[in-house]
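Worksheet for the structure shown next.
Residue indices begin at 1 and follow the sequence shown. Only heavy atoms go into these numbers, but all of them, side chains included; no hydrogens, no water, no symmetry mates. Note that the structure is a prediction, hence the values are computed from the model and not measured.
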Amino acid sequence: MSLENLPDVVREAVEHDHRAVRPLHPAWMRAMVAAAILAVVLAFVLANASLRADIETLPMWLSWGCSALQLVLGILLLGLALREAVPGSGVPIGTVRLAAATALGVQILVGVATSIYSPAIVMPGSGVAPGIGCLKHEAMMALPTFAVTLLLIFRALPMRAPTAGLLGGAGATVASDGVIHLLCPMANLSHVLVWHTGAVFLFMGLGWMIGVLWERLRWRNSP
């Protein structure tokens, strides 16, 4: 139906609702923005922090190789999150599950392999304090990328904001964990599973919850 055939009241409402909007860049271009923020943060951390004491005893594939793999997986997850944000370009739910499971699986397997190749460092106390320290550092590293990714997601008006938020949280933390892997001196598997993997789950859940809240506010404020 053309605009001329609409009732006068409807036509006038449509005409008065016209406003210029900025075109949405492709998902890969917006993912590069998030990846640039990620790269700056991680480069700053690596330039100002000391590598783990056993870095020389780990095989190259397990140290820098696995860190690079986690970084690539993180960027791919950010790209999926920003593609999911565009209405009509959503990622199949099976792909979402596979991507999240793969990223988590790789993060856990890196921890398992590291615990095999490197003896655990005994820390004073119960281990809670260094665990909280790792969680805090990983959260601080992931937060800038996570925040920028959410802004880009909501700019696109996603139909499944919780899913996009979950992918964004996973991407930011999996990539950050790749650097934590080079810095954290504790190789014992329980530390990695509780605090490192816990950080990934924390941001995935946070992204999901922020997406749910955004959807509720969006529909509540809709005319």
Practice prompt. Show your reasoning for whether side chain to side chain contact (heavy atoms under 4.5 Å, CB included) applies to V200 and E138.
Written response: CA-CA 9 Å; V200 180; E138 187 158 345; 4.3 Å; yes
Shortest non-hydrogen contact from [X] to [Y]?
{"X": "A81", "Y": "G168", "answer": "CB-N, 3.5 Å"}
{"X": "L77", "Y": "G171", "answer": "CB-CA, 3.6 Å"}
{"X": "W195", "Y": "V128", "answer": "CZ2-O, 4.1 Å"}
{"X": "V148", "Y": "A34", "answer": "CG1-CA, 4.5 Å"}
{"X": "R30", "Y": "A156", "answer": "NH1-CB, 4.3 Å"}
{"X": "S67", "Y": "L182", "answer": "OG-CG, 3.2 Å"}

Can you tell me how far [atom2] of [Y] sits from [atom1] of [X], rounded to the nearest 0.5 angstrom?
{"X": "F201", "Y": "T173", "atom1": "CZ", "atom2": "OG1", "value": "10.0 Å"}
{"X": "N188", "Y": "T114", "atom1": "CG", "atom2": "OG1", "value": "11.0 Å"}
{"X": "M140", "Y": "S176", "atom1": "CE", "atom2": "OG", "value": "11.5 Å"}
{"X": "I153", "Y": "L78", "atom1": "CD1", "atom2": "CG", "value": "8.5 Å"}
{"X": "T163", "Y": "W208", "atom1": "OG1", "atom2": "CH2", "value": "4.5 Å"}
{"X": "L71", "Y": "C66", "atom1": "CG", "atom2": "SG", "value": "12.5 Å"}

Worksheet item: Do R52 and L58 touch side chain to side chain, with heavy atoms closer than 4.5 Å?
Response: yes
Practice prompt. Indicate yes or no: at least one non-hydrogen side-chain atom of L193 is less than 4.5 angstrom from one of I108.
Written response: yes
Practice prompt. I would like to know whether T57 and Y117 meet side chain to side chain contact (heavy atoms under 4.5 Å, CB included); could you show each step before the answer?
Written response: CA-CA 8 Å; T57 67; Y117 274 89; over 6 Å; no
Practice prompt. Can you label the angle between the W214 ring and the F154 ring as parallel, tilted or perpendicular, going by 30° and 60°?
Written response: parallel
Check whether any side-chain N or O of [X] sits under 3.5 Å from a backbone N or O of [Y] as a donor-acceptor pair, and report yes or no.
{"X": "T149", "Y": "T145", "value": "yes"}
{"X": "H181", "Y": "L62", "value": "yes"}
{"X": "Q107", "Y": "V174", "value": "no"}

Indicate if [X] and [Y] have the same hydrophobic cluster label, given that clusters are the connected sets of ILVMFWY residues with side-chain heavy-atom separations under 4.5 angstrom.
{"X": "M29", "Y": "L167", "result": "no"}
{"X": "V91", "Y": "V86", "result": "no"}
{"X": "L152", "Y": "F203", "result": "yes"}
{"X": "I55", "Y": "M60", "result": "yes"}
{"X": "M204", "Y": "L150", "result": "no"}

Worksheet item: How far apart are the C-alpha atoms of L82 and W28, what are their side-chain angles, what is the distance that settles it, and do they pass the side chain to side chain contact (heavy atoms under 4.5 Å, CB included) test?
Response: CA-CA 8 Å; L82 293 168; W28 69 267; over 6 Å; no
Practice prompt. Just do the side chain to side chain contact (heavy atoms under 4.5 Å, CB included) check on C134 and M186 with the steps written out, would you?
Written response: CA-CA 10 Å; C134 273; M186 298 185 68; over 6 Å; no
Residues 35-50, side-chain donor-acceptor partners within the protein, below 3.5 Å, at least two apart:
residue: N48; atom: ND2; partner: F44; partner atom: O; Å: 2.7

Fill in: Enclosure of W61 CH2 (heavy-atom neighbours >12, cutoff 6.0 Å)
yes
Worksheet item: Quick check: are there more than 12 heavy atoms from other residues, nucleotides or ligands sitting under 6.0 Å from CE of M159?
Response: no
Worksheet item: How would you list, by chain and number, every residue that makes a salt bridge (charged side-chain N to carboxylate O under 4.0 Å, His left out) with E84, sequence neighbours excluded?
Response: R160
